[in-house]
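Both ligands and their constituent atoms are indexed starting at 1 by order of listing.
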Amino acid sequence: MADSATPRYTSIGVLTSGGDAPGMNAAIRAVVRAGNYYGLRVYGIHKGYHGLLRGEMEVLTNRSVSETLQRGGTFLQTARSKEFMTEDGLQKAVSMARVFGVDVVVVIGGDGSYRGALDLSKRGLPVIGLPGTIDNDIGNTEYTIGYDTAMNTAMQAIDKLRDTASSHERCSVIELMGRGAGYIAHNVGMACGAEIVLIPEKETDFDRDVLKAMLEARNRGKKHYIVIVAEGKGDAVEIAARIEASTGIEARATILGHIQRGGSPTLRDRVMASHMGVRAVECVVQGRADRIVSVQGGKVVDLDLQEAMAMTKTISEEELRVAQILSL
Ligand code: ATP
């Protein structure tokens with residue numbers, strides 16, 4: 001219940017930062033529409049922290065966000081700003097928010113963007129974090145906006161690669177994004193029935209887990225192989241060369257790269273982004289800033305910023321056990 005000590009915020013800014021992710025537009029739209037619903041003034045800040053410290057922002061109305069829900073990328077654009085990481089840059093960002101009368105900044109981005117948000121909050125500018133990254137590598141949430149679309153994009157691409165790998169009796173080594181985490185690779189591996197999945201969360205003995213496993217499978221009559229490697233675990237080109245040199249099985253490398261970042265967001269990303277955007281605004285309306293919107297036990301919640309930043313997660317033993325049963 002609000003009392004006289006509860007801050008009353010009337011104006012928010014929303015920005016997207018770091019790598020773009022499908023569903024960011026759905027999140028911006030939800031922030032704008034919920035903000036307007038509750039009578040807040042909502043500024044769209046262009047190009048992440050870069051635009052904040054330069055005052056590149058404009059008021060967004062419900063009309064400004066029509067036709068954005070189904071679009072990939074982020075119409076506010078995103079950036080990686082080195083200047084923002086300096087004390088001078090941070091001070092500029094805080095004063096620019098004051099110039100425009102922005103009380104709270106909603107930051108949609110990954111863990112780097114969250115660290116920037118924490119820096120702003122420590123300098124007196126309240127923030128709300130919304131998890132937006134295809135990598136799902138944020139420790140304080142089970143789910144990040146863009147993750148589902150990226151996995152579906154990768155799955156569809158690998159299904160196509162399997163057709164050609166099987167026609168030529170080849171090994172296809174596919175490198176997937178995920179930064180230091182293997183969430184995308186792990187799930188896409190399971191969804192595509194990959195023979196081998198290499199992720200940072202699982203130790204690999206290359207001779208035993210890759211070469212020997214492939215040779216034994218070949219001796220049982222297997223004709224083609226899908227090997228998935230998370231970018232944080234290794235290099236597809238190098239792994240394909242090693243497989244071919246050691247086993248004689250023809251191996252081709254594919255790096256899916258930024259293909260995984262594009263495209264229209266899936267239903268799941270649109271719905272999750274919509275719920276999270278509304279939650280962010282409702283925190284502001286209730287005078288609760290310096291929160292991180294998160295998914296816990298499948299539900300959208302909000303957490304204290306400082307506490308959330310200390311949280312970690314990893315792929316569970318159970319997940320790894322199931323994948324192990326189904327692998328080569
Ligand atoms: P993704 O994981 O999807 O790429 P991200 O948010 O982790 O997203 P980063 O490039 O790490 O992407 O961060 C985005 C921006 O946040 C940076 O350009 C910088 O301005 C700011 N930032 C990153 N790390 C920090 C940090 N340690 N302290 C302050 N600001 C940071």
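The residues Glu216 and Lys212 are annotated as salt-bridged, a charged nitrogen and a carboxylate oxygen being separated by less than 4.0 angstrom. Here Arg279 pairs with Asp302 in a salt bridge; the nearest charged N to carboxylate O distance falls below 4.0 Å. In summary, Arg252 and Glu250 engage in a salt bridge, as defined by a charged side-chain N under 4.0 Å from a carboxylate O. Checked for salt-bridge contact, Lys92 and Glu83 meet the test: a charged N lies under 4.0 Å from a carboxylate O. Under 4.0 Å is where a charged nitrogen must lie from a carboxylate oxygen, and between Lys222 and Glu195 at least one such pair does.
Ligand 1 has no nitrogen or oxygen under 3.5 angstrom from a nitrogen or oxygen of Tyr49. Between Gly132 and ligand 1, no pair of N/O atoms sits closer than 3.5 Å. For ligand 1, none of its N or O atoms has an N or O atom of Arg261 under 3.5 Å away. Ligand 1 has no nitrogen or oxygen under 3.5 angstrom from a nitrogen or oxygen of Ala79. Backbone and side-chain nitrogen or oxygen atoms of Gly112 are examined, and one is located within less than 3.5 angstrom of a nitrogen or oxygen of ligand 1.
Nearest protein neighbour of atom 30 (N) of ligand 1, counting heavy atoms only, is Gly116 CA, 3.3 Å. With respect to atom 19 (C) of ligand 1, the closest heavy atom belonging to the protein is Ser81 O, 3.5 Å. Looking at atom 9 (P) of ligand 1, its nearest protein heavy atom turns out to be Arg80 NH1, 3.3 Å. For atom 28 (N) of ligand 1, the closest non-hydrogen atom of the protein is Asp119 OD2, 3.4 Å. Among protein heavy atoms, the minimum distance from atom 27 (N) of ligand 1 is reached at Arg115 NE, 3.3 Å. Regarding atom 15 (C) of ligand 1, its nearest protein heavy-atom neighbour is Ser17 OG, 3.5 Å. Summary of contacts: the protein heavy atom closest to atom 2 (O) of ligand 1 is Arg179 NH1, 3.0 Å. Nearest protein heavy-atom contact of atom 3 (O) of ligand 1 is Thr133 OG1, 3.0 Å.
Among Met177, Met85, Lys82, Glu83, the residue whose heavy atom lies nearest to atom 25 (C) of ligand 1 is Met85. Scanning Ser113, Gly18, Gly146 for the heavy atom closest to atom 6 (O) of ligand 1 points to Ser113.
Cation-pi contact between Arg242 and Phe206: present, with separation from the ring centre below 6.0 Å and deviation from the ring axis of at most 45°. Relative to the ring axis of Tyr183, Lys313 places its NZ or CZ within 45° and under 6.0 Å from the centre.
In summary, of the residues considered (Arg261, Lys47, Arg80), a salt bridge (charged side-chain N to carboxylate O under 4.0 Å, His left out) with Asp20 occurs for Arg261 alone.
By the neighbour-count criterion of 12 heavy atoms within 6.0 Å, atom CD of Glu87 is densely surrounded, having more than that number from other residues, nucleotides or ligands.
Counting atoms of ligand 1 from 1 in the listed order, those under 4.0 Å from a heavy atom of Gly110 are 5 (P), 6 (O), 7 (O), 8 (O). Against a heavy-atom cut-off of under 4.0 Å, Gly19 is close to the following atoms of ligand 1: 1 (P), 3 (O), 4 (O), 8 (O).
In terms of heavy atoms, Thr254 sits closest to Ala236 at O-CB, 4.2 Å.
Under the rule for a ring-ring contact (aromatic ring centres under 6.0 Å, His included), Tyr38 has no partner lying at least two apart in sequence or in another chain.
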